[in-house]
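Heads up: the structure comes next, in structure tokens.
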Amino acid sequence: MTLVMGFFLRLRLASVPADNATMATFLFKTEPDDFSWDDLVRVGREPWNGVSNNTALIHLRACRPGDEVFIYHTGKERRIVGLARIACEPYEDPEKPGRNAKDEPKFAVVDVEPVKPVKTAVTLAEIKSDKRFADLWLVKHTRLSVMPVPAKMDKALRTMCGL
DNA sequence: GCCAACGTTGGC
DNA sequence: GCCAACGTTGGC
């Protein structure tokens, strides 16, 4: 019974367009030599694969269609370059099948599509020097590649990016 | 279940 | 290119 209700609830929720109250924002890092913002614009939609860190995977599984994503370039650039959107529910990486202890797909993936480039690239240095972002994973936890961006920081970042 | 050794990420 | 800060692995 619960299963059946859960099924219909999921169906109903899936058919309701995302609204601002429930939308979340994330930040995804990428090494531009590997896969850049320009690559994303070129292909139009891309499965965000290669995430193997467990904390990053937890954040990735929390992504929902319509959620938006700051795209950040690591390496020499170290700056936010664009805004993208989650295009589907997280799903199992077809190239890396397997289940974790919770019987979830071990390696989750979400498809991402570009929304628009930033007007002003916001650098890691700016973010680190701004107290408002002191609790952002990007600042606190250098090596995490997929992270949520709390609403207040989201707003501040969008302003800085000219979005 | 502990922990040393090792591998990786990503800033500097 | 270096290395700090992790996460992972495997011996015990």
Side-chain angles (χ1 to χ4, degrees), chain A residues 23-65 67-163:
Chain A
M23 264 183 49
T25 302
F26 294 84
L27 185 148
F28 288 5
K29 291 182 184 176
T30 184
E31 168 58 49
D33 287 346
D34 189 37
F35 186 80
S36 68
W37 167 257
D38 286 343
D39 291 330
L40 181 62
V41 170
R42 192 174 313 119
V43 297
R45 177 167 171 159
E46 179 75 3
W48 206 264
N49 52 25
V51 177
S52 57
N53 175 281
N54 202 47
T55 308
L57 282 168
I58 288 167
H59 296 319
L60 193 142
R61 288 191 200 100
C63 292
R64 291 295 172 263
D67 287 350
E68 292 187 325
V69 184
F70 289 103
I71 302 295
Y72 171 92
H73 280 174
T74 62
K76 261 166 77 176
E77 292 192 33
R78 300 192 297 281
R79 58 192 183 187
I80 294 170
V81 292
L83 187 72
R85 184 190 298 116
I86 302 295
C88 65
E89 295 285 341
Y91 59 98
E92 180 169 4
D93 187 341
E95 288 167 20
K96 296 196 269 177
R99 299 258 139 186
N100 67 13
K102 290 193 209 165
D103 201 33
E104 297 166 326
K106 188 159 199 273
F107 295 105
V109 173
V110 283
D111 289 1
V112 168
E113 53 193 14
V115 175
K116 55 181 160 183
V118 295
K119 286 203 183 72
T120 310
V122 174
T123 66
L124 177 64
E126 290 174 74
I127 292 169
K128 287 180 84 167
S129 66
D130 191 325
K131 281 183 192 147
R132 291 176 296 175
F133 303 117
D135 288 331
L136 188 62
W137 286 86
L138 188 71
V139 175
K140 282 199 303 187
H141 230 282
T142 296
R143 295 177 52 203
L144 190 72
S145 63
V146 175
M147 69 197 76
V149 178
K152 271 191 181 173
M153 299 188 204
D154 177 17
K155 206 175 171 207
L157 269 184
R158 281 170 199 262
T159 303
M160 290 166 74
C161 289
L163 291 169

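Convention: sequence-line order gives letters A, B, ...; per-chain numbering from 1. Predicted, not measured: the structure shown is a model, and the values here were computed from it.
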Tell me every residue that passes salt bridge (Lys or Arg N to Asp or Glu O under 4.0 Å) with A:Glu92, counting only those two or more places apart in sequence or in another chain. A:Arg99
Which residues satisfy the side-chain contact (heavy atoms from CB on, under 4.5 Å) test with A:Arg158, sequence neighbours excluded? A:Thr25, A:Glu68, A:Phe70, A:Leu83, A:Asp154, A:Leu163
Could you work out, with side-chain contact (heavy atoms from CB on, under 4.5 Å) as the rule, every residue matching A:Pro47, not counting sequence neighbours? A:Tyr91, A:Val109, A:Asp111
For DNA chain B, the residues among residues 68-81 of chain A that have a non-hydrogen atom under 4.0 Å from it: A:Tyr72, A:Thr74, A:Gly75, A:Arg78
How is A:Ser145 classified with respect to the nucleic acid when contacts are heavy atoms under 4.0 Å: base, sugar-phosphate, or nothing? sugar-phosphate
I need the residues from residues 122-137 of chain A with at least one non-hydrogen atom less than 4.0 Å from DNA chain B; give them sorted by number, or say none. A:Leu124, A:Lys128
Residues in side-chain contact (heavy atoms from CB on, under 4.5 Å) with A:Arg64, at least two apart? A:Asp67, A:Glu89, A:Pro90
Once side-chain contact (heavy atoms from CB on, under 4.5 Å) is applied, do any residues pair with A:Ala84, and if so which ones, sequence neighbours excluded? A:Trp37, A:Leu40, A:Val69, A:Ile71, A:Val112
Results of salt bridge (Lys or Arg N to Asp or Glu O under 4.0 Å) for A:Asp39 - residues two or more places apart only: A:Arg42
Excluding sequence neighbours, so at least two apart, what forms side-chain hydrogen bond (donor to acceptor under 3.5 Å, both in side chains) with A:Glu46? none
What is the 5' to 3' range of DNA chain C, first to last nucleotide, that sits under 4.0 Å from any heavy atom of chain A? C:dA5 to C:dG7
For residues 132-153 of chain A, please give each side-chain donor-acceptor pair under 3.5 Å, one per line with the distance, not counting sequence neighbours.
from     : atom 1 : to       : atom 2 : distance (Å)
A:Arg132 : NE     : A:Asp130 : OD1    : 3.2
A:Arg132 : NE     : A:Asp130 : OD2    : 3.3
A:Arg132 : NH2    : A:Asp130 : OD2    : 2.8

Atom pair CG/OH of A:Leu124 and A:Tyr72 - distance to nearest 0.5 Å: 4.0 Å
Taken in chain and number order and not counting sequence neighbours, the residues that satisfy side-chain hydrogen bond (donor to acceptor under 3.5 Å, both in side chains) with A:His73 are A:Glu77
